[in-house]
Undergrad: 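Take a look at the following structure, please.
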Amino acid sequence: MSGQLKKLAVLGSTGSIGVSTLEIVREFPERYQIVALTAGSNIELLVQQIRLFSPRIVSVISDLDVQKLRSQLEGVDVEICSGVAGMIACATVPEVDMVVAAVVGAAGLVPTMAAIKAGKDIALANKETLVTAGSLIMAEAQRQKINLIPVDSEHSAIFQSLAGQRREDVRRLILTASGGPFREYRRSQFENITPADALAHPNWDMGQKISIDSATMMNKGLEVIEAHWLFNFPTAMIDVHIHQESIVHSLVEYQDGAVIAQLGVPDMKTPIAYALSWPERLSLSQQPLDLCGIGQLSFSEPNKELFPCLQLAYDALAGGGTVPAVMNAANEVAVEAFLTNQLSFLDISHVVEKVMSLHQNEDLTTVEQALRADLWGRHKAQELMSGGVA
Ligand SMILES: NC(=O)c1ccc[n+]([C@@H]2O[C@H](COP(=O)([O-])OP(=O)(O)OC[C@H]3O[C@@H](n4cnc5c(N)ncnc54)[C@H](OP(=O)(O)O)[C@@H]3O)[C@@H](O)[C@H]2O)c1
C-alpha cells in the first residue's frame, strides 16, 4: 500500500467520524482520494465537502435534498443519489478500495453489507451494524476475504493488542469505559438529567446518539457485542473497566498474566487513521501523550445497577438471534425520544428492557430478518412510549 493511492467511500461523511476522516484525507492527499460521500440531511456541510474533495458520487436521504444539492452545485460534475439505494451505490463504486462505515445506527447495516459483498475493505465505526447482524456481517467478510478494521477506539486498541499473539493464549479482553458524565452521580441525581447534561461528555467530542449511549453506558454494552463479533471471543471473556481518563483505550490479558494495552490521547483521529493505513501508521499531527502530565490513571468496576443498559446488552448477547437487533432498535428510538424531551433519562433503559422482554427470539439467518426485527423493536418502543408504559 505504501505510496499507493487508496480510494475511499465515506458513509456518514457529515458526522463526527466522517468529518475527522476527511481531515485525515486532507492531511494525506498523496495517500487517500475521496470517490464517494453519503450524508443524512446536513446539505450545507455536504456541499462544502463536495467542493473540497470532488467525489464522483454522493448520496443523501431524501429526494427533496437531491434537488437542493443540484441547485447549489450547478456546473459541478457529481452524481447525486438518494435513499438506501444511493448509499449502496456509493458503497459499491467499482474503483473504491475501502469503505468508511460511519453512519449512525442500524441504517448503516445494508450499505455496509453491500460494500462487503462487493469485496471492499471496511473501516468500521458503525457499531450498530455488528450489534444488529454481527454473525451475518462477519461470515460475509470471511467469505469475501476482505479486511474489516475497527475504528471504535476500544476495538482498535484490542485489535492492536492482539497483533502478533496467539488467540488461544488470550484469557480475556478488557474494554475501558470513561463512565460518561454521570459516573459520579448518586441514584437520586438521575431523576432530572436533561439532554444537555447527557450530551456533555467529559472526554470525547462525538455525535449526539453515541454521547447519550455513553451517558447510559449502552455504548459500552454495544461495544461488548461488537467485540464479541469482531474478535470471536465468548461474552464470558469480555470485561468492562471504568477508566475515567480515557487514556488506556482497552487491554488484552494473556494466560501468563501479561496484559497488553494501547494508550493514547482521547482523539478519534488516531484509530480512524490506523484503520485507513493498517498495517502501516501515518505520521499524524497529534498531541503526544504526556503520561507524566496526567500523573495517575484510575480503574474501577462498572455499576450495572445504576447503569442497567450495560447489563441489558450482555443479556441481549446471551439471548442471541434477533434480540440484539431489537435491543438496539428500541434504544435508538428511546434515545431520540430523550433528545426531544419526550422521555426521561431513566426511562431509556425501561423502554429497552420492556421491548426485549416482549420479543419472540428467532435464529438470525438473513439481513432481511435482522431488518424485520429492527422494525419490530422500533414499533414496539414507540407503542410503549405512546401508551405511557415506560
Ligand atoms: N463520534 C465518535 O467519536 C465515535 C467513536 C466510536 C464509534 N462511533 C460510531 O460511529 C458511528 C457514527 O458516529 P458519529 O458520532 O460520527 O455520528 P454522527 O455525528 O451523528 O454522524 C452520523 C452520520 O450518519 C448520517 N446519518 C444519520 N442517520 C442517517 C440515516 N438514517 N441514513 C443515512 N445517513 C444517516 C449523518 O448525516 P447528517 O448529519 O447529514 O444528517 C452523519 O453523516 C456510530 O455508530 C458511533 O457509534 C463514533
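Just so you know, residue 1 is the first one in the sequence shown, and it goes up from there.
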Undergrad: Relative to Phe233, does Arg167 satisfy both conditions: NZ or CZ under 6.0 angstrom from the six-membered ring centre, and within 45 degrees of the ring's axis?
TA: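 Satisfied, under 6.0 Å and within 45°.
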Undergrad: So that I know where these two stand, are Phe307 and Phe182 an aromatic pair - ring centroids less than 6.0 Å apart?
TA: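 Centroid separation for Phe307 and Phe182: 6.0 Å or greater.
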Undergrad: Looking at His243 and His249, would you say the former's side chain and the latter's main chain have a donor-acceptor pair under 3.5 Å?
TA: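 No: the side chain of His243 does not pair with the backbone of His249.
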Undergrad: Using modelled atom types only, decide if a donor and an acceptor are shared between the side chain of Gln49 and the backbone of Leu37 within a distance under 3.5 Å.
TA: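 Pair absent, no side-chain N/O of Gln49 close to backbone of Leu37.
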Undergrad: Taking all heavy atoms of Ala313 and all of Gly221, pick out the closest pair and write down the distance.
TA: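 For Ala313 versus Gly221, the nearest heavy atoms are CB-CA, 3.3 Å.
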Undergrad: Step by step, would you call Glu280 with Arg31 a salt bridge (Lys or Arg N to Asp or Glu O under 4.0 Å)?
TA: CA-CA 12 Å; Glu280 299 173 16; Arg31 303 270 314 228; 3.1 Å; yes
Undergrad: Is it true that the NZ or CZ of Lys304 lies under 6.0 Å from the centre of Tyr314's six-membered ring and within 45 degrees of the ring axis?
TA: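 Judged by the rule, Lys304 and Tyr314 form a cation-pi pair.
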Undergrad: Salt bridge check: are Lys7 and Asp97 linked by an N-O gap of less than 4.0 Å?
TA: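 Salt bridge absent between Lys7 and Asp97.
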Undergrad: Give the minimum heavy-atom separation between Thr176 and Lys220, together with the two atoms involved.
TA: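 Thr176 and Lys220 have their closest heavy atoms at O-NZ, 2.9 Å.
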Undergrad: May I ask you to decide if Leu276's main-chain N or O and Lys6's side chain share a donor-acceptor pair within less than 3.5 Å?
TA: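 Looks like yes, one N/O pair under 3.5 Å.
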Undergrad: Is the backbone of Asp363 close enough, under 3.5 Å, to the side chain of Gln369 for a donor and an acceptor to pair up by distance?
TA: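 Such a contact is found between Gln369 side chain and Asp363 backbone.
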Undergrad: For the pair Lys380 (side chain) and Ala330 (backbone), establish whether a donor and an acceptor sit closer than 3.5 Å, ignoring hydrogens and angles.
TA: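 No; judged by distance alone, with no hydrogens or angles, the pair does not exist.
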Undergrad: Sequence neighbours excluded and cut-off under 3.5 Å, please list the side-chain donor-acceptor pairs for residues 98-115, or say none.
TA:
unit_1	atom_1	unit_2	atom_2	d
Thr112	OG1	Gly108	O	2.6

Undergrad: Would you indicate whether the side-chain heavy atoms of Glu184 and Gln244 approach each other to under 4.5 Å?
TA: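 SC-SC contact between Gln244 and Glu184 confirmed.
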Undergrad: Carefully, step by step, assess Leu297 and Val248 under the rule side chain to side chain contact (heavy atoms under 4.5 Å, CB included).
TA: CA-CA 8 Å; Leu297 297 176; Val248 178; 3.9 Å; yes
Undergrad: Can you check whether Leu284 reaches Phe28 side chain to side chain, under 4.5 Å on heavy atoms?
TA: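 Yes, close enough: below the 4.5 Å cut-off.
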Undergrad: Are the side chain of Arg56 and the backbone N or O of Val78 linked by a donor-acceptor pair below 3.5 Å?
TA: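 It does not hold such a pair.
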Undergrad: Will you find, in the side chains of Asp267 and Thr270, an N or O donor that is under 3.5 Å from an N or O acceptor?
TA: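 Distance-only check fails for Asp267 and Thr270.
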